[in-house]
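Shown next, in structure tokens, is the structure this report addresses.
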Amino acid sequence: MSKILVTSALPYINGVPHLGHMVGCLLPSDVYARFMRMTGHEVLYIAGTDEHGTTSEVGALKAGMNVEDYCQMNHQRHRQTYHDFNLSFDCFGRTSSKQNREMTYEIFEALNKNGFIEERAVKQIWSNDDKMFLADRYITGTCPYCGYEKARGDQCENCTKVLEPTDLINAKSTISGSSNLEVKESKHLFLSLPKIEPKLKEWLKSKEAFWPDVAYSIAMKWLKEGLEPRCITRDLKWGFSVPKKGYEDKVFYVWFDAPIGYLGITKQWADEKPDERNFKDWWLTGDDVYYVQFMGKDNVPYHAITFPATLLGTGENYKKVDILKGFSYLTYEGGKFSKSENRGIFAEDAIKEFEADYWRYFLMSNIPESSDSSFSFDLFASVINKDLNGVLGNFVSRVLKMTASKFGNTIPAGGKTTELENTMLNTVQNHIDRYFKYMNALEFRKALSELRAIWVEGNNYITAAEPWTVIKEDENRAAAILRVCANLIRIFALLSAPITPQTAEKMLQAFSLNLGDADLKDFDVSKQIEFLKEGHSFEVGEPLFERISPERTLELKTKYGSTQP
RNA sequence: CGCGGGAUAGAGCAGCCCGGUAGCUCGUCAGGCUCAUAACCUGAAGGUCGUUGGUUCAAAUCCUUCUCCCGCAACCA
């Protein structure tokens, strides 16, 4: 047994999560955490809302609320959604917590003491009407190169030229629309990445063999281009005020305190039960801890460069990431998810249409691992109907119904197993071994394909054994076959539990069992196949899943703004 | 010449690192079964592996040209 620390990139509090957010870090981290718990490891699974920054301030402004209440409200909304998707966080915290404030200050002080914090003057755009400095993104105007009227302060989307906000003609604030802007100079604190670079490079090189290609190549690209000092403060109200003389009216940049949130939220978790939980065991003295981070590819630079550099710069022995798993993006019917254009399906709505396991299974089996992948309701319906209904649900149904009608509602006695069972068990064990291997290696598509192959073996077996024919001649042999099948149901439930926990519970409940402390460690199918004995009662129950009709698919497409009717 | 990822049957993907008969799932077609959810099982058809040139006895795989898609480009997070 080892200790495994799992974190998911912290979702930003302002937006409502869509399926892309779910599949890009939250869901796979949960599947991994569940799998590791079930294979006998001590797991700490941490996530939470990332709350600071301009976007929250503007969001609160537009909602007519103060930022604290606005974040509190949205935090609850996120929390509820993830609860509905059965994400099994040990702690779902907030980057605005007092624990994170302490943590951020502690790390900042260490960096400052070690000489990795420098001061620089920065020219910024001040909006007299908004009474705030505007990030480049919040300024639009006419592009001086191509005349495009909606160019942003950092870049013109039309001609792709990189701009300074001062280049724009008729520059305006996107917040108020005001053009009453001026350039002001302001002093800010920078993290001296170049000074930390040698240590960082050494650390990063040691990860080459372990990180997925996407993550490692993105990290190396940044190093190749050379690191520059990075600004870690902002002229905002919403954030942790900077504990340094002359900077009291500024706050830390959201990207400085957000990843520190992993530590802060761990403290939050430890503070709930100080007698039995300890922050240090996981983050400071945790040489026995294996740390796996999940995130979308846009997050990789921060987790591979800035955050490790921050931790290295403290000089403390903070735990740094062992495996950084980056995902590509899920697109919607070939385009982008967009709330404003009502395109795409958002997590809150998704859960109203189908319960979590439909989404969990579909998303994990189509997770954007090697490149972007596209969500479509046609694909969704086909996967749900074929895999969950046709293969898994139907197997459970045919076995339980046949057993009940021929032998009553208890597992029948008598009969012997044959070579047929041995062959089947061998095949299943091989799939299980590969399933475990891929789950450990975070190769989710391959893992899911093995899981499906395991379910398929159930149908293969019952077809080959044909108990419905055998029973006419040899009732005992038919009993033996159905006993094996009943045990397969239990085995399928245990193996599927990390992906589809609710369904696993349902399958076990049919035998009055529950998941409880179910253990997948050293899973030996030839022993497990004898777990349920003759005389064990069961209930047939309703089908595990509902089929999705072509009409329903069309309805969903229309409702959620698909471009392909 | 900014950087990275991707392009393989109608659809979604694996194979590429380490060259040796192009594979999986869905869909389609045919057959089987009748325990089960229009389900399940078996078989078949379907691909000059985005493009150009090269290395090699041999290239999806290694090198090169170009095209298209996605993301990033450090002050959105």
Side-chain angles (χ1 to χ4, degrees), chain A residues 9-15 50-56 58 122 124-125 133-139 152-155 160 162 164-165 174 188 193 213-214 217-222 224-225 227-231 234-235 253-255 258 296-302 305-306 326 328-329 331 334 336 365-366 368-374 376 378-379 382-383 385-391 393-406 443 445-446 448-449 452-453 456 458-471 478 481-482 485 542-547 549:
Chain A
L10 308 180
Y12 194 68
I13 193 148
N14 198 49
D50 172 17
E51 308 197 356
H52 293 139
T54 320
T55 313
S56 292
V58 173
V122 178
Q124 285 178 292
I125 306 288
F133 284 101
L134 299 176
D136 294 354
R137 282 272 166 131
Y138 285 101
I139 300 161
R152 289 192 318 248
D154 54 347
Q155 182 179 38
T160 75
V162 177
E164 289 296 321
T174 60
H188 280 280
L193 286 178
D213 289 351
V214 185
S217 63
I218 292 177
M220 287 320 282
K221 171 224 154 189
W222 277 57
K224 228 182 289 168
E225 289 176 1
L227 299 178
E228 286 173 29
R230 183 176 171 81
C231 185
R234 290 291 183 277
D235 288 292
Y253 176 38
V254 57
W255 261 113
K297 58 183 170 182
D298 54 331
N299 265 281
V300 171
Y302 300 97
I305 301 286
T306 327
S328 291
Y329 289 135
T331 58
K336 282 187 181 176
S365 60
N366 289 282
E369 245 167 352
S370 57
S371 62
D372 292 356
S373 67
S374 177
S376 77
D378 286 327
L379 189 61
S382 132
V383 168
N385 289 343
K386 191 67 195 174
D387 294 1
L388 293 187
N389 281 288
V391 179
N394 182 48
F395 178 73
V396 173
S397 169
R398 67 198 298 199
V399 168
L400 296 184
K401 280 187 184 168
M402 183 176 176
T403 312
S405 75
K406 307 291 183 188
E443 294 193 58
R445 273 188 188 244
K446 289 180 182 172
L448 272 271
S449 139
R452 183 185 187 283
V456 167
N459 285 309
N460 278 337
Y461 167 70
I462 201 171
T463 302
E466 43 183 3
W468 47 87
T469 307
V470 169
I471 198 167
I481 294 168
L482 291 172
C485 288
E542 294 294 303
L544 292 177
F545 302 100
E546 86 181 89
R547 309 191 124 260
S549 67

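Chain letters run A, B, ... following the sequence lines, proteins first and then strands; every chain starts at 1. Fair warning: this is a prediction, and the values are worked out from it, not measured in the lab.
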Nearest-nucleotide pick for A:K446, side chain only, options being B:C41, B:C76, B:G15: B:G15

A:Q124 CD - B:A74 C1' separation (whole Å): 15 Å

Short side-chain N/O contact from A:Y461 to OP1 or OP2 of B:C41, under 4.0 Å: no

For the student: nearest non-hydrogen atoms of A:E546 and A:N389, plus distance: O-ND2, 3.1 Å

Separation between CG of A:N366 and CG of A:L379, rounded to the nearest 0.5 Å: 5.0 Å

Between the protein and nucleotides 43-45 of chain B, are there any N/O to N/O pairs under 3.5 Å, and if so, what are the atom names and distances?
none

Value in whole Å for how far the P atom of B:C41 lies from CZ of A:F395: 11 Å

Nearest atoms (heavy-atom pairs only) where A:Y12 meets A:S56: OH-OG, 3.0 Å

Whole-Å C1' distance, B:G54 and B:U65: 11 Å

Strand partner of B:C72, provided both Watson-Crick or wobble distances fall under 3.5 Å: B:G2

Sugar-phosphate only, base, or nothing, as touched by A:V456 at under 4.0 Å among non-hydrogen atoms: sugar-phosphate

Length of the line joining A:I462:CD1 and B:C41:P, which is rounded to integer Å: 11 Å

4.5 Å side-chain heavy-atom contact, A:P467 and A:I462: yes

Side chain of A:N394 (C-beta onward), nearest among B:C40, B:G12, B:A77: B:C40

Shortest non-hydrogen separation from A:R230 to A:Y302 and the atoms involved: NH2-CE2, 3.1 Å

Whole-angstrom distance between B:C49 and B:C40, as gauged at atom P: 33 Å

Nucleotide of B:G12, B:U34, B:A77 approaching A:W255 most closely (side-chain heavy atoms): B:A77

Check: A:T463 side chain, A:N459 main-chain N or O, donor-acceptor pair, under 3.5 Å: yes

Sugar-phosphate only, base, or nothing, as touched by A:V122 at under 4.0 Å among non-hydrogen atoms: base

Under-4.0 Å side-chain N/O to phosphate OP1/OP2 contact, A:R445 with B:G12: no

Protein-nucleotide distance (A:I125, atom CD1; B:C76, atom P), rounded to Å: 13 Å

Sugar-phosphate, base or nothing in reach of A:S373, heavy atoms under 4.0 Å: sugar-phosphate

Whole-Å distance separating the CG atom of A:L388 from the P atom of B:U37: 17 Å

Distance, rounded to the nearest Å, where A:N460 contributes CG and B:G32 contributes P: 19 Å

Whole-angstrom distance between B:A44 and B:C3, as gauged at atom C1': 47 Å

A:N299 vs B:C72: side-chain N/O to OP1/OP2 distance below 4.0 Å: no

Donor-acceptor under 3.5 Å (A:S365 side chain, A:L448 main chain): no

Interatomic distance, A:I481 atom CD1 to A:T403 atom OG1 [nearest 0.5 angstrom]: 10.5 Å

Short heteroatom pairs, N/O only, protein and nucleotides 26-28 of chain B, under 3.5 Å:
residue: B:C26; atom: OP1; partner: A:R452; partner atom: NH2; Å: 3.1
residue: B:C26; atom: O2'; partner: A:S382; partner atom: OG; Å: 3.1

A:C485 side chain near A:Y461 side chain, heavy-atom distance below 4.5 Å: yes

Nearest-angstrom distance from the residue atom NZ of A:K401 to P of B:U34: 18 Å

Side chain proximity check, A:L544 to A:L388, heavy atoms < 4.5 angstrom: no

Gap separating the CD1 atom of A:I13 from the OG1 atom of A:T55, nearest 0.5 angstrom: 12.0 Å

Separation of B:A74 P from A:H188 NE2 (nearest whole Å): 17 Å

Touch class at under 4.0 angstrom, heavy-atom based, for A:G390 against every strand present: sugar-phosphate

Paired nucleotide for B:A44 [Watson-Crick or G-U wobble; both distances under 3.5 Å]: B:U28

Sugar-phosphate only, base, or nothing, as touched by A:N389 at under 4.0 Å among non-hydrogen atoms: base

Sugar-phosphate, base or nothing in reach of A:N385, heavy atoms under 4.0 Å: nothing

Atom C1', compared across B:A45 and B:C35: separation rounded to whole Å: 31 Å

Residue pair A:H188 / A:D235, side-chain heavy-atom distance below 4.5 Å: yes

Nearest-angstrom distance, P atom, B:C13 to B:C41: 24 Å

Residue A:L227, side-chain atoms from C-beta onward, closest of B:C13, B:A77, B:A74: B:A74

Check: A:Y302 side chain, B:A77 base, donor-acceptor under 3.5 Å: yes

Base paired to B:A38 (Watson-Crick or G-U; both N/O distances under 3.5 angstrom): none

Candidates B:A77, B:C40, B:U37 - which lies nearest the side chain of A:N459: B:C40

B:G10 and B:G53, which share atom name P, separated by this distance in whole Å: 24 Å

B:G23 pairs with, by Watson-Crick or G-U criteria that keep both distances under 3.5 Å: B:C13

For B:A77, the Watson-Crick or wobble partner whose two distances fall under 3.5 Å: none

Phosphate contact (B:A77 OP1 or OP2) by A:T54 side-chain N/O below 4.0 Å: yes

Nucleotide opposite B:A59 in a Watson-Crick or G-U pair, distances under 3.5 Å: none

A:V254 vs A:R234 side-chain heavy atoms within contact, under 4.5 Å: no

